[in-house]
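Each remark here refers to the structure printed beneath this line.
Only heavy atoms go into these numbers, but all of them, side chains included; no hydrogens, no water, no symmetry mates. Here is the naming used below: chain letters follow the sequence lines, and residue numbers restart at 1 for every chain. Only a predicted model underlies this, so the values are computations on that prediction, with no experimental measurement involved.
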Protein chains: 2
Amino acid sequence: MSPLQTRETPQAPSSRDKILDTCEALFARSGYAGVGLREVAEEVGLGKSSLFHHFASKQQIYYEVLLRVLERIEVNVAVALGGDAASLSATERLRRLGRGLVDALAEHPTSARLLLRALFEVEPFPHMDEPTAESRACDAVLESMIDAFGRLVLDGIASGEFREVSVPDTTTTMMGAAVFHFASGELGESLVGGSLYSARAVARRRRELESFFVHALVRPDRATD
Amino acid sequence: MSPLQTRETPQAPSSRDKILDTCEALFARSGYAGVGLREVAEEVGLGKSSLFHHFASKQQIYYEVLLRVLERIEVNVAVALGGDAASLSATERLRRLGRGLVDALAEHPTSARLLLRALFEVEPFPHMDEPTAESRACDAVLESMIDAFGRLVLDGIASGEFREVSVPDTTTTMMGAAVFHFASGELGESLVGGSLYSARAVARRRRELESFFVHALVRPDRATD
DNA sequence: GTCTATACTACGATAGAC
DNA sequence: GTCTATCGTAGTATAGAC
């Protein structure tokens with residue numbers, strides 16, 4: 001905590017960061033095709049051309065935005081399933097996964113929408129010539145999370161804790177259940193009667209998703225609650 | 001079956017229908033903003049301007065496409081939950097809902113993606129001045145389906161068949177689980193190792209979603225399978 | 001690092017001939 | 001009912017001055 005190092009360290013976000021933050025919000029709201037760089041530049045407070053000083057193309061901005069989001073979420077999934085948690089029972093890991101996903105998606109209101117779009121939009125781009133370094137990085141993070149889901153379900157079935165479900169179907173079911181809620185926008189808010197991201201709504205979501213997952217998968221005689 | 005009436009009745013789709021079909025496929029693939037009328041016209045085999053002879057604007061095409069999709073889905077939900085089914089137990093209706101949703105979404109590969117986009121995209125349009133007749137019709141169909149979900153969950157809790165879950169959370173969970181799977185595209189196909197819409201994959205999905213819903217909601221001592 | 005100016009393409013939509 | 005031609009705007013991206 002030396003004065004020299006901490007001075008202004010969290011201050012003065014660079015133009016680069018401002019562009020990424022702005023694009024994260026706009027891409028989450030309107031998707032890749034729905035956002036123009038004119039709007040981005042206006043919101044950031046720069047000229048349109050200045051954006052190209054910081055990024056080579058709109059695609060590159062998109063993938064850098066997406067990568068940040070995916071890495072934020074992966075941290076929570078890794079904490080729930082990997083490392084020290086790897087030795088826990090599948091049931092306990094399932095509980096942690098439910099809570100961890102909710103925490104990850106509730107952290108930023110943009111995360112769920114961006115993730116959902118990335119999961120189901122084939123490629124947001126007219127024609128992408130070849131995978132870029134950024135797009136491959138995004139694919140890798142996504143794949144590692146999905147693999148972790150699958151391994152958890154397989155473990156639970158192997159240990160006899162879970163019903164004998166289809167692993168791919170259970171994976172898409174859990175992903176859809178987790179992500180859609182926080183991406184559901186106006187619809188979700190009209191259902192819950194308020195913000196999806198209020199502390200109360202998030203706490204309830206954490207309980208609900210965890211118990212939904214557990215009841216759906218864990219054999220009744222193995223349930224611990 | 002008089003020769004006069006059946007002659008060519010299913011043949012010769014009008015330009016109007018061709019435009020709607022084409023737009024359904026393209027909007028499902030790329031979203032509203034991601035599709036240009038130039039591409040639509042090319043695919044239909046018309047000039048761009050001819051589209052405006054059949055529809056007043058791109059927005060109008062979008063809502064007519066969406067309304068067709070919503071009504072196709074609503075039919076299945078209504079069969080599962082309404083009419084003769086209304087007197088069945090909540091558990092049996094929940095089973096029917098799971099199967100009905102799968103059947104509805106598996107019917108056309110475009111349905112899930114269009115529905116998912118409609119559910120979470122705030123408004124796909126830059127600025128919509130005021131609700132149109134078409135947009136209000138879409139809202140009405142959507143609302144009636146969501147209400148039916150909520151009533152089913154409430155009924156199940158009231159009768160003691162279901163756990164005491166949060167109705168809004170359970171609604172978004174079920175919607176996300178049902179819709180995301182069939183919208184998950186390449187990701188889902190790599191998980192199941194083939195088409196999401198093959199007879200085998202759909203049959204499995206029907207079983208999996210039904211049992212996922214039942215186990216997640218129905219109290220173990222009330223389960224019937 | 002930001003600006004103005006510009007290039008070129010595509011957008012949604014309209015007018016009017018046929 | 002379809003066409004060509006055109007309008008005005010906005011799209012991504014580049015060049016070059018400051």
Worksheet item: Any side-chain N or O of His53(A) less than 4.0 Å from the OP1 or OP2 oxygen of dT14(D)?
Response: no

Practice prompt. List the protein contact pattern of nucleotides 10-18 of chain C with one symbol per nucleotide (5' to 3'): B for base contact, S for sugar-phosphate-only contact, - for none; contact means a heavy-atom distance under 4.0 Å.
Written response: SSBBBB---

Worksheet item: Hey, are Arg204(A) and Glu208(A) close enough for a salt bridge, meaning a charged N less than 4.0 Å from a carboxylate O?
Response: no

Discussion item. Salt bridge check, Arg93(B) against Asp155(B): does any charged N sit closer than 4.0 Å to a carboxylate O?
Written reply: yes

Discussion item. Distance check needed: dT2(D) P versus Arg16(B) CZ, whole Å only.
Written reply: 13 Å

Worksheet item: Once you round it to whole Å, what is the distance between P of dT2(D) and CZ of Phe55(B)?
Response: 12 Å

Practice prompt. Compare side-chain N and O positions of Ser15(A) against OP1 and OP2 of dG1(C) and report whether any pair is under 4.0 Å apart.
Written response: no

Discussion item. Between Thr22(B) and Glu43(B), is there a side-chain donor-acceptor contact under 3.5 Å, judged purely by atom types and distance?
Written reply: no

Discussion item. If you take the centroid of each ring, where Trp contributes its six-membered ring, are Phe180(A) and Phe120(B) closer together than 6.0 Å?
Written reply: no

Worksheet item: Under the 3.5 angstrom rule, does the side chain of Lys48(A) hit a backbone N or O of Glu42(A) as a donor-acceptor pair?
Response: no

Worksheet item: For Ala137(A), does its backbone N or O pair with a side-chain atom of Tyr63(A) as donor and acceptor, under 3.5 Å?
Response: no

Practice prompt. Could you identify which residues of residues 17-25 of chain A place a heavy atom less than 4.0 Å from some atom of DNA chain C, listed by residue number, or say none?
Written response: none

Discussion item. Check this for me, if you would: do Arg205(A) and Glu210(A) make a salt bridge, where the nitrogen-to-carboxylate-oxygen distance has to be below 4.0 angstrom?
Written reply: no

Fill in: Rounded distance in Å - CG (Leu51(A)) to C1' (dC3(C))
12 Å

Worksheet item: Do the charged groups of Asp17(B) and Arg68(B) touch, with an N to O distance under 4.0 Å?
Response: no

Worksheet item: What integer distance in Å separates Leu46(A):CG from dG1(C):C1'?
Response: 9 Å

